[in-house]
> 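Take a look at the following structure, please.
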Amino acid sequence: MLKNYKVVFTEKSHVEVWEAEIPKPAPGQVLIETMISQISTGTELTMLEANVDADSPWHQNIKFPNFPGYSNVGRIIQVGENVDESLLGKLVFSGVHHEKYGVIKAETVCPIPEGVDPEEAVYASIARITMGSIRIADIRLGDTVVVYGAGLIGQMLARFAKLAGAGHVFVADVSDHRLNMLPEQAGFHKVNTAKEDILNVLKTTGKKELARIVFESTSVPALIPKELLCLQKLGRMIITSSPKGKSTVDFDYVNRMGITIIGAHNGAVHTPVATPRDPWTTKADALHYFDLLSAGEVSVKHMNTHKEHYTKAPELYEMLMKDRTQALSVLLDWRD
């Protein structure tokens with residue numbers, strides 16, 4: 001008899017795997033049997049550790065028990081009423097949680113093309129988050145760009161910024177392990193801010209100028225004032241992360257430099273309905289990411305630093321809470 005299992009944050013800093021009922025798809029839904037899911041080492045760890053300011057908007061979502069996960073690759077094994085039965089058996093990406101069997105609206109799933117590796121397809125959530133930020137950044141050919149944070153989002157921001165035409169992409173982090181995951185090609189610059197001053201690096205490398213665009217992907221509020229100093233006049237700061245608290249910003253400096261600060265939360269930068277003027281829904285971006293994988297323009301599998309059977313989920317989260325500097329993409333394998 002088939003059984004369902006799901007990862008649960010039962011209380012702050014505590015993770016369990018629960019046995020649960022296999023859900024039945026309601027009208028308009030599909031039932032997915034999970035193959036691979038990807039842990040968000042940013043969002044999920046914030047939810048698990050609850051290490052945010054007391055008045056942060058994060059508190060609206062932090063509650064226990066919590067059922068984490070939003071990056072899932074699996075097969076559709078059942079469809080509800082009013083769902084095309086041709087979807088049965090399809091390998092798809094979806095926002096199903098970390099669970100063996102999960103239901104979701106059929107209209108939200110993204111079919112994965114033949115030949116695309118499921119362990120690369122599972123990055124689609126990270127890809128569409130970063131694609132939205134890249135578009136709103138309005139990168140121009142030859143721009144100097146700084147990406148703060150070399151986690152999954154920072155890694156994808158750096159790659160897509162180069163695809164969008166950036167000339168020099170500087171990535172700042174305190175982990176050499178994560179920085180060394182960046183492509184070894186001209187135009188990418190690794191800056192370990194525990195060892196180097198990024199402003200000095202900017203002024204002595206590449207075009208020897210400050211950046212036109214800075215992407216914030218660390219979620220660390222205290223870093224934002226320093227990040228602003230990396231911008232040239234009329235520069236643009238894109239807040240791709242969800243900072244865990246408030247930042248002190250010198251708006252007189254922002255004013256005199258003509259700096260634009262743009263909030264780029266996934267829900268803010270993607271249109272809910274495709275139009276000729278703006279076709280880029282979250283689903284459209286996921287499908288475009290699959291096209292990039294198929295064409296060999298993007299490769300991410302080397303960033304899979306950890307993969308364990310889902311029964312080892314508590315140990316994986318424990319490892320991440322102790323030290324996530326040696327981890328990048330962390331996968332749960334749901335295949336028996």
> Do S37 and V73 come close enough that some side-chain heavy atom pair is under 4.5 Å?
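No, side chains not in contact.
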> For L87, does its backbone N or O pair with a side-chain atom of D84 as donor and acceptor, under 3.5 Å?
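Pair absent, no side-chain N/O of D84 close to backbone of L87.
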> If you take all heavy atoms of P111 and V92, which pair is closest and at what distance?
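For P111 and V92, the tightest heavy-atom pair comes out as CA-CG1, 4.0 Å.
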> For the residue pair I32 and S94, what are the closest heavy atoms and their distance?
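Result for this residue pair: CD1-OG, 3.5 Å.
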> Please check this pair: side chain of E11 against backbone of S13, looking for a donor-acceptor N/O pair closer than 3.5 Å.
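Side chain of E11 to backbone of S13, a donor-acceptor pair under 3.5 Å: no, none is there.
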> Taking atom CZ of R335 as the centre, does the number of heavy atoms from other residues, nucleotides or ligands within less than 6.0 Å exceed 12?
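Correct, the count exceeds 12.
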> Roughly how far apart are L152 CG and R178 CZ, rounded to 0.5 Å?
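Between atom CG of L152 and atom CZ of R178 there are 9.5 Å.
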> Within the 4.5 Å heavy-atom criterion, are V273 and T281 side-chain neighbours or not?
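No; the side chains remain at least 4.5 Å from each other.
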> Would the number of heavy atoms belonging to other residues, nucleotides or ligands and lying under 6.0 Å from NZ of K90 be above 12?
no
> Inspect the contact between R159 and E297 and indicate whether a charged nitrogen and a carboxylate oxygen are less than 4.0 angstrom apart.
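R159 and E297: not salt-bridged.
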> Between the side chains of D53 and K244, is the shortest nitrogen-to-carboxylate-oxygen separation below 4.0 Å, so that they form an ion pair?
no
> So that I can tick it off, tell me whether K190 and D176 are bridged by a salt bridge, with the cut-off set at under 4.0 angstrom between side-chain N and carboxylate O.
no
> Can you name the nearest heavy-atom pair linking I36 to V122, along with the distance?
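Looks like O-CG2, 3.9 Å.
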> Should the ring pair F9 and Y317 be called parallel, tilted or perpendicular, given that the plane angle runs from 0 to 90° and is split at 30 and 60?
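Ring orientation of F9 relative to Y317: perpendicular.
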> Of all residues at least two apart in sequence or in a different chain, which pass the side-chain hydrogen bond (donor to acceptor under 3.5 Å, both in side chains) check with K307?
E119
> Evaluate the side-chain proximity of F170 to V147: yes if any heavy-atom separation is below 4.5 Å, no if none is.
no
> Verify, without hydrogens or angle tests, whether E120 (side chain) and V300 (backbone) share a donor-acceptor contact under 3.5 angstrom.
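Flag set: sc E120 to bb V300 pair under 3.5 Å.
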> Taking the side chain as every heavy atom from C-beta outward, state whether N4 and P23 have any atom pair closer than 4.5 Å.
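In contact.
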> Using a strict threshold of under 4.0 Å (side-chain N to carboxylate O), is an ion pair present between D278 and R135?
no
> Evaluate salt bridge (Lys or Arg N to Asp or Glu O under 4.0 Å) for E318 paired with R324, printing each intermediate quantity in order.
CA-CA 10 Å; E318 186 68 28; R324 72 191 73 171; over 6 Å; no
> Taking NZ in K226 as the centre, count heavy atoms belonging to other residues, nucleotides or ligands within less than 6.0 Å. Is the count above 12?
yes
> Below 4.0 angstrom, N of the basic side chain to O of the carboxylate: do D336 and K100 qualify?
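K100 and D336: salt-bridged.
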> Do E44 and T46 meet the criterion of a side-chain donor-acceptor pair at a distance under 3.5 Å?
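On atom types as modelled, these side chains do not qualify, holding no pair under 3.5 Å.
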